[in-house]
Structures are given as C-alpha cells and as structure tokens.
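Working notes for the structure below.
Residue numbers start at 1 and run along the sequence shown. First listed ligand is number 1; within each ligand, the first listed atom is number 1. In what follows, every heavy atom counts, from backbone to side chain, and hydrogens, waters and symmetry copies are set aside.
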Amino acid sequence: MINFNALKTRAAAAKPIVAQLEDSKRVPDFSIVQDGLLFDYSKTTIDRDSRDLLLGLLETAGVAAKRDAMFGGTAINETEGRAVLHTALRNLNAGPIVVDGEDIMPSILETLAAMEAFAADVRTGAYQGQGGTITDVINIGIGGSDLGPVMAVRALSPYHDGPRCHFVSNIDPGDVAEVLKNCDPTRTLVIVASKTFTTIETMTNARTVREWMAKSVSDPAAQFAAISSDLDKTAEFGIAAERVFGFGNYVGGRYSVWGPIGLSVMLAVGAAHFRDFLAGGAAMDQHFRDAPWQENLPAMLALVGLWHSHACDYATRAVLPYDNRLGRLPAYFQQLEMESNGKGVSMDGAPLPFHSGAVVWGEPGTNGQHAFYQLIHQGTRVIPCEFMIAARAHEPDLQYQQELLIANCLAQSKALMEGRGMDVARKIAASKGFTGDECERQASHRVFQGNRPSVTLAYEMMTPFVLGQIIALYEHRVFVEGVVLGINSFDQWGVELGKELATGLEPVVTGRQSTDGQDASTTALVDFLRGKGA
Ligand code: F6P
C-alpha cells in the first residue's frame, strides 16, 4: 500500500531550491534530455534522497507491470472491462497487438489509410460539396472528441494548408451560431465526432447543422462524415459508410486524437504531418517502455507531480506554455488529467486514503503574467508551474520576439525560485523615498517568498513530432500517477450524474413537465428562467 508519510516528512524538511542548486551536479542530474526534449526539474525541492523515495513508489505500486499490461492489451480499465490501447493508434511500425485473441493493428491501419484517402480527396478537391471544393470543415464533438483536434489544429497552424477548420462543442446555441455565420453550406464538410454517438450536445448540434445545410444543399448527408465506435448509430443518422471512420472501445475519449477523431487535424495539415505527430507519440511510448525510471521522462514528470500534490500538499498545478498556439493545451491537459485521475475510490472500490489527482489549469505566457501570476508569486498558496518553451519560432524574421518570450519564461521560473527578501525590498522602498515605518510597510508589499517550484520543458520548435511527444508524455504521466494512487484512470463515471440529471430536467425547463419533486433552489431557478424566456 502506498504511504506518503515519509515523503511528507522529507518535503517539510527539504532544503530551499536555491541552496540545492549550489550543488554543481544538480542540473544535469535533475534533468532529462530525450529525443530533443529537455525536461528540467532542478527548480524543485526534490533532492536525491527524496527522489529515491519517489522512485520506490513506482516499485511498490508495480508501475512496470501495469505499463506492460497496458501496452499488451490487458483490460486494465477494470470498471468498464476494457483494454487501454490508444498507443496502438500510433504503433505504425511495431507489429501486432492482440486484444481478445485478435490482432487490432490491421483494422487500425486500414482506418488510417481510409482517413488518408478521404483527407487527400477533400484537400485536392476530388471530393466536393454541392458548391465545389470544400473550404470549411466543422468538427462537432465535445470533451475528447473536441479538445484534442481543437488543440492540435491550433498548435500546428504553421503547417495548416488545408480547408479552414471550425469546432462546435457546446450545447450553447451561441457556439454553433458563431461558426455557421462564417461558412458556406455548399462548400462545408461536417464531421460528427462522437465515440458513443449519443452525447446530447454533439447530436443536438449535428441536427442543427444538418437543418442549416438542408436549406441550401439538396443532399446534406453527402457533406457529412462521422467518427464513432458505434457504426449502427452513424448509419441511423444517415451518414454513408464510406465516410464513417470507426475506432475500438479500447480508445478512451480523452486519448482519441491519435485516431479518426484527429481527422480534422489531418484535413488541416495533411497526412504526412499527421504521421509525424503519431511518430512523436510512438517515440515517447518507446522511451516510456525502455528507459530506466530515473531517466524516464513520463515517470519523472509523474513523480514530480506526486511530490507536489501528495508530499507537499499543493492542490493545483499550472500548465504554462510560452507558445500562443498552445493556447488550448492547458484545457486539453485539464481533461486528460482531471477526468483520468479525479476519482474517489481505489481500483478495489475502497475510499482513497489520500487526495486524488491535482487540479490542472493554465494559460499561455506571457499573457498569464499580466493576469494570474501575481497570486503565483505572492499569494499564500504554492502553485507548482510547468513551463514550456521553444528555442525557435516559426517566424524566422521575428526570432527576436521569440528571444523575448524565452527571456520572460526563464525569468518567471527564476523569480519564483529566488523570490526577493526583505533587505532588498527595503532598499527598493527607500529608493522610492520611503522612510521609517512607512518604508517597512512599503517594503513588506515588495517581498517575494521565493522557493516556489517549477519544471521546464524545452524543445527546438513546435512541430507535429514534438506535439506528439508532449501529448504522449502527459498521457503516460497521468497513467503513472494513476497507478501510484491506485485508481482507475480510464473510466469517467463522475460525469454521468450531471448528464442524467440534465436529461431529466429538459422537460421541466421546456415546460412539458412541472417542477414538482424538484428541490426548492432548482424550482426557483427554473421559474425565474422560464419567466425570462426559457
Ligand atoms: O464527458 C465525458 C465524455 O465521455 C468524455 O470522456 C468524452 O471525451 C466526451 O464525453 C465525449 O463523448 P463522445 O465522444 O462519446 O461524444
């Protein structure tokens, strides 16, 4: 059984980061370079002894055996009786993977080839809408059927040479309305992306878009494609089998961008770049399987995460990409990490004896610096930060701006670590003309505690390969944290209750049913909203 007490004791007594960095071997020893990615965790309070304790967690929890079981196709998602094989979607060169006695690779490769053929037809104009070549693609999906593609299309915009891509996810009518405003129905391809093909937001939006298209297009279904693991339901919706791309139930929604759910990414950047993205993920898989734990990037990122969440008791962590095109990455990681590791019981059903996964949030730098960093620097809660930064921009003419971006990123982790003591703050206040008690008061507002931890992930440039590496890195990090915590990272029962209640409330909100039996607060809210237009 995992016990974090020894780690908590070490964390409470840990030497400040600045002092730890006096060890000349610390930086090489507390960083990993893998396939062009540098992971630096030297700006944390972890020392060699605490790292040994952390590494011991991997042995106690049996992470190696669980990892091999995952890659081997064992049904490690025990509450749903499913294998966890999103890794198979990027396993293009590494041979068979057998699930329930059947090699799943031929069907994965066949679907990839079908996606590539379709994407090529759309991109070259061989496949047309009623009004001609496709200019716009609307991906309708939510959660994993949206966040992966939306994040990747934006991240890879320097490679985008296909049709414009739009994303509709929210049931909020404003979401779909804003997208439709900018599309010509006769030259738009609609992708309905839903693993289950039952999600109310997605299916409602799909019907709305079909009605919008039917006003201008004689056969709207001909401009629809579907991505799902329920092929009966896609047929019921009227989408021809040749434009339906399926995937197995061994791929969880939040892990699905590597397969057909990534179709909009492929349409945007082309099949070759999509394959580079898969290759980046596959390279990280190989590293995760082969590298000894101390040199293993996902394992060490997970252990740093556990140190902060379970030894230091920091409740949240911030993902701070210094790359504006990674603007949706924090939201993507939020789903990946919080849907996976936000669980209340261990695999055997017993209440967790410690907290589950950390709260994940963030925004790109430098924008965040002018918004919420104040609390990270001087607030009373410690928020470990995960910085990401490229050496090179996609705009060689603007490399100086990239260098300013780098300077800002490095300045933040340095400021968090070093802080500013009262002596310096006093001098600053005095230089502004403050004296006596007022100088003390002014100085105290200018003190930064420092010793605030961060890690930095650095790479040459944000390419499809690097994006693949980083996404797979975080997937495996979440896996390792989940195994150590003893939870099932691959189900998501926590979102079901809200879905059920929304379905039950729909007739009440639309007025087909009375509010009888609802709680007093919900009744009052329904009455107010119905009185105002619902
Ligand atoms: O919110 C729960 C969830 O099941 C996510 O895990 C998933 O990514 C999302 O809903 C969408 O589901 P589907 O792809 O089946 O429409």
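Residues forming a side chain to side chain donor-acceptor pair (under 3.5 Å) with R289 (at least two apart in sequence, or on another chain): none.
Here is the list of ligand 1 atoms found below 4.0 Å of a heavy atom in Q335: 5 (C), 6 (O), 8 (O). Taking a cut-off of under 4.0 Å to the non-hydrogen atoms of T199, the atoms of ligand 1 that pass are 12 (O), 13 (P), 15 (O), 16 (O). The atoms of ligand 1 that sit less than 4.0 Å from any heavy atom of G253 are 8 (O).
For CG of L501, the number of neighbouring non-hydrogen atoms (other residues, nucleotides, ligands) closer than 6.0 Å is greater than 12.
Within the cation-pi definition used here (under 6.0 Å to the ring centroid, within 45° of the axis), R154 does not qualify as a partner of F167.
N77 and N488 share a donor-acceptor pair across their side chains, judged by distance under 3.5 Å alone. Side-chain contact of D313 with H308: a donor-acceptor pair under 3.5 Å is absent, judged by distance alone.
Scanning all protein heavy atoms for the shortest distance to atom 8 (O) of ligand 1 gives G144 N, 2.7 Å. If you check which protein heavy atom lies closest to atom 9 (C) of ligand 1, you get I142 O, 3.6 Å.
The residue from E339, E201, E496, R254 that puts a heavy atom closest to atom 1 (O) of ligand 1 is E339. Of the candidates K499, K195, M203, K499 brings a heavy atom nearest to atom 4 (O) of ligand 1.
Within the 4.0 Å heavy-atom criterion, both parts of T196, backbone and side chain, lie near ligand 1.
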